[in-house]
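Okay, structure first, notes after.
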Amino acid sequence: MKYTQLGRTGLQVSRLVLGTMNFGPQTDEADSHALMDAALDAGVNFFDTADIYGVDEEKGRTEKILGSWFAKGGDRRDKVVLATKMYGDMTQGKAWNAPSWPNHSKLSAVNIRRSVEASLRRLGTDHIDIYQFHHVDRATPFEEIWQAIDVLITQGKILYAGTSNFPGYKIAQANETAARTGRLGLVSEQCLYNLAERRAEMEIIPAAQEYGLGVIPWSPLHQGLLGGALRKEREGSGSRTKGGRSAAGLADPAVRAQVQAYEDLLAKHDLDPGEVALAWLLTRPGVTGPIVGPRTPAHLESALRAVELELGEELLGALDEIFPGPGPSPEAFAW
């Protein structure tokens, strides 16, 4: 496994991030434990989760599965850089962004305190390494948010703060507010970023680089679209993506033509589409590592191979032709 610094921090993390959203809804506890053991054995030390994972009827289940794995000992907790997220209402049966009882969602100091205490109980640990805001809260000032984070850091309950799904201007607001009071500020941003969805290159990634945040892409295969979707369609093995980006994307003739060109290009080089999609992200400026969410050992093994995959300049150029990015910011889209 290869490692890198998380943004401007001294924290060393693996270039793959183990995403756990499938643990519980798609993968049972025993198989989830086996996948975490395999990832740790392969050198993956960066695990990501969220308080709401576990589907609406059992929010928090995924954190509990991690907690039962940590409880097995063997230095599991000590070896893992643990990241979790908060924002949504944890009321069972409610959509994560549905209207909630006052102060039971978003980023008020009250809800930050409540949420971290609940996550610590479910995870069975005394601290969270990277505590992330799952969404922006336009109603809560960053002065209040940083005050709440300061208390948790002083108490030793969290070490760093990060974000997910933040626009560039909010990253700037958060870190400028932190800088005015001598705080470290945000250290990471999780954003939707992959070959087929490159809008993050317009503002989010430039802001993250300017402020020294590590970029952690989620949905690196665009819900299967970049994982050999057409091949799986022919083989009849892509049913899981029905209703997701893969199925919706392939219904668009222009997207279907892009994916066909992508798969044809990689077939000429005898390369796996999913592995190339991950390897491409590892070449991108500012990217710490993509979040991979394996449901089986084979998925994990494929992701691990991507770390060792070297993409030549000619192939990278061909990928840019199929999936062009927005260009340099702001010249490409402002002038």
Side-chain angles (χ1 to χ4, degrees), residues 1-20 36 39-51 63 66-67 69-70 74-86 112 116 119-120 123-134 145-146 148-166 171 174-175 177-179 181-191 193 200 204-205 207-218 220 278 281-293 303-304 307:
M1 178 53 60
K2 297 176 182 178
Y3 299 90
T4 189
Q5 306 291 116
L6 179 64
R8 68 192 184 283
T9 75
L11 186 65
Q12 288 197 322
V13 294
S14 52
R15 298 225 62 198
L16 284 182
V17 184
L18 183 69
T20 62
M36 286 188 279
L40 200 61
D41 287 345
V44 177
N45 76 332
F46 197 179
F47 288 19
D48 177 73
T49 190
D51 55 5
E63 285 189 333
L66 269 76
W69 182 73
F70 289 140
D75 292 330
R76 285 175 170 82
R77 178 64 189 93
D78 188 55
K79 291 178 178 177
V80 167
V81 175
L82 175 62
T84 193
K85 299 182 283 291
M86 61 79 58
I112 289 174
V116 76
S119 284
L120 288 170
L123 291 163
T125 186
D126 63 356
H127 74 283
I128 294 160
D129 298 303
I130 306 168
Y131 200 52
Q132 303 161 117
F133 313 130
H134 213 159
I145 294 169
W146 285 126
I149 293 300
D150 279 350
V151 171
L152 296 175
I153 291 173
T154 300
Q155 293 173 338
K157 293 178 180 178
I158 69 169
L159 300 182
Y160 302 95
T163 55
S164 181
N165 307 309
F166 268 44
I171 291 172
N175 271 26
T177 303
T181 52
R183 297 179 172 98
L184 179 62
L186 302 172
V187 303
S188 63
E189 159 62 16
Q190 288 187 17
C191 57
Y193 184 39
I204 297 169
I205 293 173
Q209 289 184 280
E210 184 72 22
Y211 286 99
L213 279 65
V215 175
I216 306 168
W218 59 264
L278 294 174
L281 282 169
L282 293 173
T283 71
R284 305 307 298 164
V287 168
T288 299
I291 298 174
V292 296
L304 292 169
V307 178

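Because only heavy atoms are used, hydrogens play no part in the values below, and waters and symmetry mates are left out as well, while side chains stay in. In this chain, residues are counted from 1 in sequence order.
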Q: Compare all side-chain heavy atoms of Met86 with those of Phe133 and state whether any distance is below 4.5 angstrom.
A: yes

Q: Would you check if Gln209 and Val215 make a side-chain contact, meaning some heavy-atom pair closer than 4.5 Å?
A: no

Q) For Asn175, what residues pass the side chain to side chain donor-acceptor pair (under 3.5 Å) criterion, not counting sequence neighbours? A) none

Q: Return the minimal non-hydrogen interatomic distance between Trp146 and Ala161, and the atom names on each side.
A: CZ3-CB, 3.8 Å

Q) So, Asn45 side chain and Ser14 main chain: donor-acceptor pair closer than 3.5 Å or not? A) yes

Q: Would you check if there is a donor-acceptor pair between the side chains of Thr49 and Glu63 at a distance under 3.5 Å?
A: no

Q: Nearest 0.5 Å please: distance from the CG atom of Leu18 over to the CD1 atom of Ile291.
A: 9.5 Å

Q.
Show the nearest heavy-atom pair for residues Ser188 and Gln132, with the distance to one decimal.
A. OG-OE1, 4.3 Å

Q | Partners meeting ring-ring contact (aromatic ring centres under 6.0 Å, His included) with Phe47 (sequence neighbours left out) | A | Trp69

Q. For the atom pair CG (Leu82) and CD1 (Ile130), what is the distance rounded to the nearest 0.5 Å?
A. 8.5 Å

Q | His134/Asn165 under side chain to side chain contact (heavy atoms under 4.5 Å, CB included): CA gap, chis, key distance, verdict | A | CA-CA 7 Å; His134 213 159; Asn165 307 309; 3.8 Å; yes

Q: Write down the atom of Pro290, the atom of Leu278, and the distance for their closest heavy-atom approach.
A: CG-CD2, 3.9 Å

**Q.** Polar side-chain atom of Arg15 near backbone of Val287 as donor-acceptor pair, under 3.5 Å
**A.** yes

Q.
Salt bridge check, Asp129 against Arg77: does any charged N sit closer than 4.0 Å to a carboxylate O?
A. yes

Q. How about Leu6 and Tyr160: do any of their side-chain heavy atoms sit closer than 4.5 Å?
A. no

Q. Nearest 0.5 Å, what's the CD1-SG distance between Ile171 and Cys191?
A. 7.5 Å

Q. Where do Gly289 and Leu282 come nearest, in terms of heavy atoms and distance?
A. CA-CD2, 4.2 Å

**Q.** Straight-line distance of Ile158 CD1 to Ile149 CD1, nearest 0.5 Å
**A.** 4.0 Å

Q: With side chain to side chain contact (heavy atoms under 4.5 Å, CB included) as the test, would you mind laying out the steps for Leu213 and Val187 before giving the verdict?
A: CA-CA 5 Å; Leu213 279 65; Val187 303; 5.8 Å; no

**Q.** Minimum heavy-atom distance between Thr84 and Ala50, given as atom pair plus value
**A.** OG1-CA, 3.4 Å

Q) What are the two closest non-hydrogen atoms of Gly185 and Ala178, and how far apart are they? A) CA-CB, 3.6 Å

**Q.** Glu210, CD: over 12 other non-hydrogen atoms inside 6.0 angstrom
**A.** no

Q: Please examine the side chains of Leu159 and Ile128, heavy atoms only from C-beta on, and report whether any two atoms are closer than 4.5 Å.
A: no

(Q) Applying ring-ring contact (aromatic ring centres under 6.0 Å, His included), can you list everything that pairs with Tyr193, at least two apart in sequence or on another chain? (A) Trp280

Q) Ignoring hydrogens and geometry, is there a side-chain-to-backbone donor-acceptor pair from Tyr131 to Lys157 under 3.5 Å? A) no

Q.
Using side chain to side chain contact (heavy atoms under 4.5 Å, CB included), reason through Val292 and Leu304 one step at a time and then give a plain yes or no.
A. CA-CA 10 Å; Val292 296; Leu304 292 169; over 6 Å; no

Q. Arg8 side chain to Tyr211 main-chain N or O, any donor-acceptor pair under 3.5 Å?
A. yes

Q) In Å, rounded to the nearest 0.5 Å, how long is the span from CZ of Arg76 to CE of Met36? A) 9.0 Å

Q. Do Glu189 and Thr163 pass the side chain to side chain contact (heavy atoms under 4.5 Å, CB included) test, and can you show the C-alpha distance, the side-chain angles, and the key distance before you say yes or no?
A. CA-CA 5 Å; Glu189 159 62 16; Thr163 55; 2.5 Å; yes

**Q.** Value rounded to 0.5 Å, distance of CG in Leu66 from CG in Leu123
**A.** 6.0 Å

